[in-house]
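Read the structure below first, then the notes.
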Amino acid sequence: MSNGNRPLITPMTAEQRKEEEALSNQLRDAELDAAKNILASAATPDGLLSVIENASGFAEATTQKFRHPDSPPVACTEGCYWCCYQAVPVTAPEAFRISKFLATELGSEGRAKAEANLSKLDKRTRGLTPKARAKLRVPCAFLQDGRCTVYAVRPLACAEFTSFNVQDCKRGQRIGFKPGSVIHEKARMVVFHAVQKGLTQGLRESLPTADTSPLELTAAVVCALNATQAAEEWLAGGKIFASAHLAGDRT
């Protein structure tokens with residue numbers, strides 16, 4: 001159902017809010033345990049890739065499980081890229097997975113083009129807050145011809161972002177994505193946010209010497225590409241992402 005061009009939002013009851021919070025905590029704890037179990041036996045570069053691949057798969061499968069059958073379809077379609085103008089938070093394993101994808105899946109020409117785009121964008125966005133990044137109105141370095149070149153390994157934050165109204169996204173691309181300006185699919189939002197929390201906590205508890213601060217996508221991938229043995233250095237406590245931390249907006 002819709003109200004004009006926007007889907008109706010039914011206010012949640014107190015009981016529904018409690019149920020949603022309980023589900024979110026359950027999913028967070030499940031991802032936390034999964035991350036810790038993987039890293040307990042493989043605190044290695046391959047183990048980090050397994051952690052993020054498991055988290056991504058878990059989030060996607062669980063979203064399908066909890067999506068309401070009467071939920072209206074999202075407006076997101078192939079080639080829709082209006083949301084790809086924002087600062088994107090990532091974890092270190094996500095940055096490592098993308099850097100490996102660039103090296104092994106795009107070919108020499110594709111990798112060279114992606115790295116050139118990354119370098120160019122990084123010079124403009126390094127250290128910017130999400131609000132300042134949005135004001136630039138420049139697309140993600142991985143957006144080429146209206147397609148995400150790393151879609152198969154896109155960050156959890158990108159996979160979560162959905163909209164029921166493409167006009168909201170077009171407006172966000174022009175003026176910035178303010179909180180609440182785009183209505184996300186509820187099941188996906190709840191699940192992915194919970195999984196992101198569990199993943200971050202799992203990394204922090206399993207790798208206490210590693211820099212597990214939230215990172216900005218462009219800067220993090222550039223840092224990962226520039227380090228000779230990025231994952232090994234990060235696991236050993238190296239501060240390879242010191243300049244790639246996600247900046248916070250002042251309230």
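All heavy atoms count here, side chains included; hydrogens, waters and symmetry mates do not. What you see is a predicted model; the values in this text were computed from it and never measured.
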Which residues pass the salt bridge (Lys or Arg N to Asp or Glu O under 4.0 Å) test with K36, sequence neighbours left out?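 Applying salt bridge (Lys or Arg N to Asp or Glu O under 4.0 Å) to K36 gives E205.
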Same apolar cluster: [X] and [Y], side chain cutoff 4.5 Å:
X	Y	result
W82	V182	no
V88	Y81	no
L207	L199	yes
L225	V150	yes
L102	L217	yes

Do the side chain of R124 and the main chain of D122 share a donor and acceptor less than 3.5 angstrom apart?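 No, the answer is negative, given that no donor and acceptor are paired below the 3.5 Å cut-off.
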Quick one: name the residues clustered hydrophobically with L49, using the 4.5 Å side-chain heavy-atom rule over I, L, V, M, F, W, Y, and just say none if it's on its own.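 Via sub-4.5 Å side-chain contacts, L49 links to none.
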Transitive ILVMFWY cluster of L136 at side-chain heavy atoms under 4.5 Å: who else is in it?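 Its cluster partners, ordered by chain and number, are L121, L128, V138.
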Roughly how far, to the nearest 0.5 Å, is the [atom2] atom of [Y] from the [atom1] atom of [X]?
X	Y	atom1	atom2	answer
E19	T13	CD	OG1	7.0 Å
R133	T125	CZ	OG1	6.0 Å
S206	N37	OG	CG	8.5 Å
I38	D33	CD1	CG	11.0 Å
E185	H68	CD	NE2	12.0 Å
R137	R174	CZ	CZ	9.5 Å

Closest approach of [X] to [Y] (non-hydrogen atoms, all atoms of both residues):
X	Y	value
A95	A220	CB-CB, 3.9 Å
S163	C76	N-SG, 3.4 Å
A159	F192	CB-CE2, 3.6 Å
C80	V166	SG-CG2, 4.3 Å
T129	G248	CG2-O, 3.4 Å
A134	G176	CB-CA, 4.1 Å

Sorted by first residue and then second, give each salt bridge (charged side-chain N to carboxylate O under 4.0 Å, His left out) pair with at least one member in residues 144-163; sequence neighbours left out.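 Every pair satisfying salt bridge (charged side-chain N to carboxylate O under 4.0 Å, His left out) with a residue in residues 144-163: E78-R147.
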Indicate every side-chain donor-acceptor pair of residues 24-31 with a distance under 3.5 Å to a residue at least two apart or in another chain.
{"unit_1": "N25", "atom_1": "OD1", "unit_2": "R28", "atom_2": "NH1", "d": "3.3"}
{"unit_1": "N25", "atom_1": "ND2", "unit_2": "E21", "atom_2": "O", "d": "3.3"}

Applying side-chain contact (heavy atoms from CB on, under 4.5 Å) to T91 and T200, what does each step give before you reach the verdict? CA-CA 7 Å; T91 58; T200 299; 4.1 Å; yes
Show your working on side-chain contact (heavy atoms from CB on, under 4.5 Å) between V90 and L156 and close with a plain yes or no. CA-CA 8 Å; V90 297; L156 293 173; over 6 Å; no
Could you pull out every donor-acceptor pair under 3.5 Å between side chains of residues 51-66 and any protein atom, sequence neighbours left out?
{"unit_1": "E60", "atom_1": "OE1", "unit_2": "R188", "atom_2": "NH1", "d": "3.2"}
{"unit_1": "E60", "atom_1": "OE1", "unit_2": "R188", "atom_2": "NH2", "d": "3.3"}
{"unit_1": "E60", "atom_1": "OE2", "unit_2": "Q64", "atom_2": "NE2", "d": "3.0"}
{"unit_1": "E60", "atom_1": "OE2", "unit_2": "R188", "atom_2": "NH2", "d": "2.6"}
{"unit_1": "T62", "atom_1": "OG1", "unit_2": "F58", "atom_2": "O", "d": "2.7"}
{"unit_1": "T63", "atom_1": "OG1", "unit_2": "A59", "atom_2": "O", "d": "2.8"}
{"unit_1": "Q64", "atom_1": "OE1", "unit_2": "R67", "atom_2": "NH1", "d": "2.5"}

Is any side-chain heavy atom of C223 closer than 4.5 Å to a side-chain heavy atom of R126?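 In contact.
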Considering only heavy atoms from C-beta outward, does the side chain of V221 approach that of F101 to under 4.5 Å?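 The answer is no; the side chains never approach within 4.5 Å.
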Identify each donor-acceptor pair in which a side-chain atom of residues 109-118 lies under 3.5 Å from a protein atom, sequence neighbours left out, and give them as a table.
{"unit_1": "R111", "atom_1": "NE", "unit_2": "E115", "atom_2": "OE2", "d": "2.4"}
{"unit_1": "R111", "atom_1": "NH2", "unit_2": "E115", "atom_2": "OE2", "d": "3.0"}
{"unit_1": "N117", "atom_1": "ND2", "unit_2": "K113", "atom_2": "O", "d": "3.4"}

Looking at residues at least two apart in the chain, or sitting in another chain, which of them share a side-chain contact (heavy atoms from CB on, under 4.5 Å) with E20?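 E20: side-chain contact (heavy atoms from CB on, under 4.5 Å) contacts with M12, K186, V190.
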Could you pull out all residues at least two apart from P214 that satisfy side-chain contact (heavy atoms from CB on, under 4.5 Å)?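 side-chain contact (heavy atoms from CB on, under 4.5 Å) check on P214 returns L246.
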Residues in side-chain hydrogen bond (donor to acceptor under 3.5 Å, both in side chains) contact with T218, at least two apart in sequence or another chain: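 Applying side-chain hydrogen bond (donor to acceptor under 3.5 Å, both in side chains) to T218 gives E216.
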Quickly, which of K100, R97, E94 forms a side-chain contact (heavy atoms from CB on, under 4.5 Å) with V153? Name it, please.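 Only one option passes, and that is R97.
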Would you be so kind as to tabulate the donor-acceptor pairs closer than 3.5 Å made by side chains of residues 226-239, with sequence neighbours excluded?
{"unit_1": "N226", "atom_1": "ND2", "unit_2": "V222", "atom_2": "O", "d": "3.3"}
{"unit_1": "W234", "atom_1": "NE1", "unit_2": "D211", "atom_2": "O", "d": "2.8"}

With sequence neighbours excluded, what pairs up with F161 under the ring-ring contact (aromatic ring centres under 6.0 Å, His included) test?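 Per chain and number, F161 pairs via ring-ring contact (aromatic ring centres under 6.0 Å, His included) with F177, H184.
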